[in-house]
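Encoded as structure tokens, the structure appears first; notes follow it.
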Amino acid sequence: MKRTYMLTLAWLAIGIGIGIGSSARAASTPTTDQLEAHPWQLTRATDAQGKRIDALFVSGRAPYTLRFQPGYMSELNLCNQASSHYHLQDDGLILESGIRTTALCINPKVDAQERRAETLFHGRDTAPTLALDDTGALVVRNTHGDTAIFKPAPLPAK
């Protein structure tokens, strides 16, 4: 009985180890080619406590979208449009020399969305990290503990 119990524990430990290893391997650091292949639409966002960040989702509006192009990252479907030079440093996203339009956001929900989006990428702390999960979604994490999931979207029609 004792031997069976020990073997069961050993197999359980191996199974847990395999599970941890496979989920760790499932996420990978994206390349610039992967980032620039298509726009990325926000589908889920949570704060450090795991609570949904409601301000990032405004009913009746197109989702908050990122568009990476050679050397630039644009933030779309907010009240104002923004673009910054970007480069990757390991799994960190470094944004520099950003510009933003300065339209007045009349809708308070859209204004709140824009202000909350600003904290995802443009905090005063270290750069947010990027990963591609096993489904191909872009996972953004900032130093405040926010996590945002962006799914690939089709390129706009020309």
Side-chain angles (χ1 to χ4, degrees), residues 19-158:
I20 291 170
S22 65
S23 65
R25 284 190 303 269
S28 65
T29 302
T31 65
T32 55
D33 286 344
Q34 290 170 314
L35 291 173
E36 295 170 5
H38 38 72
W40 299 89
Q41 291 183 338
L42 182 67
T43 59
R44 190 166 32 124
T46 56
D47 64 16
Q49 290 73 43
K51 184 178 178 223
R52 183 176 190 262
I53 303 173
D54 291 329
L56 289 172
F57 302 92
V58 178
S59 181
R61 288 186 54 92
Y64 175 39
T65 301
L66 305 177
R67 179 75 170 111
F68 292 89
Q69 294 175 303
Y72 291 92
M73 182 190 90
S74 298
E75 296 172 79
L76 309 171
N77 301 330
L78 299 170
C79 176
N80 288 286
Q81 304 302 312
S83 184
S84 300
H85 290 281
Y86 92 92
H87 68 275
L88 301 175
Q89 185 174 351
D90 299 322
D91 65 348
L93 174 67
I94 310 299
L95 298 173
E96 301 170 324
S97 304
I99 59 169
R100 179 178 298 274
T101 60
T102 57
L104 178 62
C105 303
I106 296 172
N107 181 334
K109 289 183 178 182
V110 176
D111 185 50
Q113 178 190 37
E114 184 166 290
R115 284 184 281 113
R116 191 61 176 92
E118 176 86 10
T119 66
L120 281 176
F121 292 98
H122 305 281
R124 296 181 182 179
D125 301 323
T126 59
T129 60
L130 303 179
L132 290 177
D133 70 11
D134 59 346
T135 69
L138 180 64
V139 181
V140 178
R141 290 186 175 89
N142 67 16
T143 58
H144 304 291
D146 298 332
T147 301
I149 310 296
F150 292 84
K151 296 280 184 169
L155 288 169
K158 291 186 178 184

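Quick caveat, the model's predicted, so the values are computed rather than measured. The residues of the chain are indexed from 1 along the displayed sequence.
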Where Ala112 and Ala55 come nearest, the two heavy atoms and their spacing: O-CB, 4.2 Å
So, taking the atom named OG1 in Thr119 and the one named CG in Asp146, what distance separates them when rounded to the nearest 0.5 Å? 5.5 Å
How many angstroms lie between atom OG1 of Thr129 and atom CG of Asn142, to the nearest 0.5 angstrom? 8.5 Å
Going by the disulfide bond (SG atoms under 2.5 Å apart) test, which pairs reach into residues 29-110, not counting sequence neighbours? Cys79-Cys105
Could you tell me whether the side chain of Asp90 reaches within less than 4.5 Å of the side chain of Thr29, counting heavy atoms only? no
Of all heavy-atom pairs between Ser83 and Ser74, which one has the smallest distance, and what is that distance? OG-OG, 3.5 Å
Below 4.5 Å, heavy atoms only, C-beta onward: do Leu138 and Gln34 meet side chain to side chain? no
Can you list, pair by pair, the side-chain donor-acceptor contacts under 3.5 Å of residues 39-46, counting residues two or more places apart and other chains?
{"unit_1": "Trp40", "atom_1": "NE1", "unit_2": "Leu35", "atom_2": "O", "d": "3.0"}
{"unit_1": "Trp40", "atom_1": "NE1", "unit_2": "His38", "atom_2": "O", "d": "3.2"}
{"unit_1": "Thr43", "atom_1": "OG1", "unit_2": "Ile149", "atom_2": "O", "d": "3.2"}

Test the Arg116-Tyr64 pair against the cation-pi criterion, namely NZ or CZ under 6.0 angstrom from the six-membered ring centroid and within 45° of the ring axis. no
Heavy atoms, side chains only, cut-off 4.5 Å: are Leu88 and Leu93 in contact? yes
Are Pro70 and Glu36 packed together at the side-chain level, in the sense that at least one heavy-atom pair is separated by less than 4.5 angstrom? yes
Parallel, tilted or perpendicular: rings of Tyr86 and Phe68 (30°, 60°): perpendicular
Is Phe57 atom CZ crowded by more than 12 heavy atoms from other residues, nucleotides or ligands, each under 6.0 Å away? yes
For Lys151 and Thr135, what are the C-alpha separation, side-chain angles and deciding distance, and is it a side-chain contact (heavy atoms from CB on, under 4.5 Å)? CA-CA 9 Å; Lys151 296 280 184 169; Thr135 69; 3.6 Å; yes
Under 3.5 Å, side chain of Gln113 to main-chain N/O of Leu56, donor-acceptor pair present? yes
The reported gap from CG in Asn80 to CD1 in Ile99 (rounded to nearest 0.5 angstrom) is 11.5 Å
What's the verdict on side-chain hydrogen bond (donor to acceptor under 3.5 Å, both in side chains) for Thr31 and Asp33, showing C-alpha distance, side-chain angles and the deciding distance? CA-CA 5 Å; Thr31 65; Asp33 286 344; 5.1 Å; no
Atom of Pro63, atom of Thr65 and distance for their closest heavy-atom approach: O-OG1, 2.8 Å
Side chain to side chain, Leu130 and Asp91, heavy atoms closer than 4.5 Å: no
Using a 4.5 Å cut-off on heavy atoms from C-beta on, say whether the side chain of Lys109 contacts that of Arg61. no
How far does CZ of Arg67 sit from CG of Leu76, to the nearest 0.5 angstrom? 8.5 Å
Between Glu118 and Glu75, is any pair of side-chain heavy atoms under 4.5 Å apart? no
OG1/Thr101 to CD/Gln81 distance, rounded to the nearest 0.5 angstrom? 6.0 Å
